[in-house]
Amino acid sequence: MLKVAVLVSGGGTNLQAILDAVDSGKITNAKVEKVISNVAGAYALERAKNHGVQGVTLRRKDFENKRAWEQALINEIEDCGAQLIVLAGFMAILSENFTKHFENKIINVHPSLIPSFCGEGMYGLHVHEAALAKGVKVSGATVHFVNEEVDGGKIIAQKAVEVLAGDTPETLQKRIMQQAEWIILPQAIDDIANNRI
Ligand code: GAR
């Protein structure tokens with residue numbers, strides 16, 4: 001059984017998709033052991049609680065520096081024995097100190113087709129604002145391994161989603177979540193848990 005820690009910052013719809021996929025058997029051989037938020041009161045923590053999964057808050061500003069905060073994250077992850085770390089709407093950038101510690105054990109979902117609309121500053125609605133400003137007709141989501149380069153690790157899965165006339169960042173975000181993120185992120189976890197990746 002692959003033990004998974006999920007890192008979140010906000011609403012946690014991707015976390016919900018993972019928890020539902022475990023319940024429905026779409027993800028096998030994996031269990032979410034812990035949810036860690038860097039934002040106090042994130043709704044994702046409520047979702048964890050409703051599922052009987054332990055939730056922990058670790059805010060960067062409660063630590064002296066980034067290294068101390070990342071060490072606290074490492075300790076929480078190692079405490080629960082997690083072998084896979086899933087960034088599911090985690091809006092902080094992890095340094096090489098952290099990514100090297102868990103080499104090939106961290107995956108992230110990003111709401112665009114990397115290498116478009118990614119890198120520092122490209123997160124959440126900003127990504128969809130940039131896609132609409134560029135006028136692309138297709139966007140989507142990417143699941144990738146996390147290394148020291150922001151959104152630069154090896155790509156695991158991608159799914160394209162149509163951009164429609166009249167889309168706002170919010171409507172595009174929703175469609176990309178529904179048609180791509182909530183599908184390819186649980187699939188990637190299932191693939192890792194069952195040694196297909
Ligand atoms: C998702 O669209 C996710 O891909 C994105 O934030 C949203 C979180 O939603 N992540 C990033 O932009 C990371 N660079 P959620 O909290 O409902 O899962």
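Computed from a prediction, not measured in an experiment: that's the story for all the values here. Both ligands and their constituent atoms are indexed starting at 1 by order of listing.
- Each of Glu148, Glu70, Lys105 was compared with Thr99 under the side chain to side chain contact (heavy atoms under 4.5 Å, CB included) criterion, and only Glu148 meets it.
- Between His128 and Asp167, the side chains place no donor N or O within less than 3.5 Å of an acceptor N or O (distance only, hydrogens not considered).
- Of all non-hydrogen atoms in Ala180 and Ala141, the two that sit nearest each other are CB-CB, 3.7 Å.
- Judged as a side-chain hydrogen bond (donor to acceptor under 3.5 Å, both in side chains), the pairs with a partner in residues 188-197 (not counting sequence neighbours) are, in order, Thr28-Asp190, Thr28-Asn194, Asn29-Asn194, Asp190-Asn194, Asp190-Arg196, Asp191-Arg196.
- Nearest protein neighbour of atom 14 (N) of ligand 1, counting heavy atoms only, is His110 ND1, 3.4 Å.
- Looking at Asn14 next to ligand 1, an N or O pair under 3.5 Å apart turns up.
- With ligand atoms numbered from 1 in the order given, ligand 1 contributes 1 (C), 2 (O), 3 (C), 4 (O) to contacts under 4.0 Å with heavy atoms of Glu181.
- Considering each of Gly12, Ala180, Gly10, the one bringing a non-hydrogen atom nearest atom 16 (O) of ligand 1 is Gly12.
- Val109 counts as a contact of ligand 1, since one of its heavy atoms falls under 4.0 Å from the ligand.
- Distances below 4.0 Å separate heavy atoms of Gly124 from the following atoms of ligand 1: 11 (C), 12 (O).
- Ranking the protein heavy atoms by distance from atom 8 (C) of ligand 1 puts Gly89 CA, 3.6 Å first.
- Against a heavy-atom cut-off of under 4.0 Å, Pro111 is close to the following atoms of ligand 1: 2 (O), 4 (O), 5 (C), 10 (N), 11 (C), 12 (O).
- Judged as a side chain to side chain donor-acceptor pair (under 3.5 Å), and not counting sequence neighbours, Gln178 has no contacts.
- Ring to ring, His101 and Phe98 are not that close: their centroids are 6.0 angstrom or more apart.
- Checking side-chain atoms of Asp20 against main-chain N and O of Ala17 turns up no donor-acceptor pair under 3.5 Å.
- Not a single N or O atom of Tyr123, backbone or side chain, sits closer than 3.5 Å to an N or O atom of ligand 1.
- Nearest protein heavy-atom contact of atom 6 (O) of ligand 1 is Met91 CE, 3.1 Å.
- Under the 4.0 angstrom criterion for non-hydrogen atoms, His126 is not in contact with ligand 1.
- Atom-to-atom distance recorded for Asn147:CG and Leu94:CG is 11.5 Å, nearest 0.5 angstrom.
- Atom 9 (O) of ligand 1 has its closest protein heavy atom at Met177 CE, 3.3 Å.
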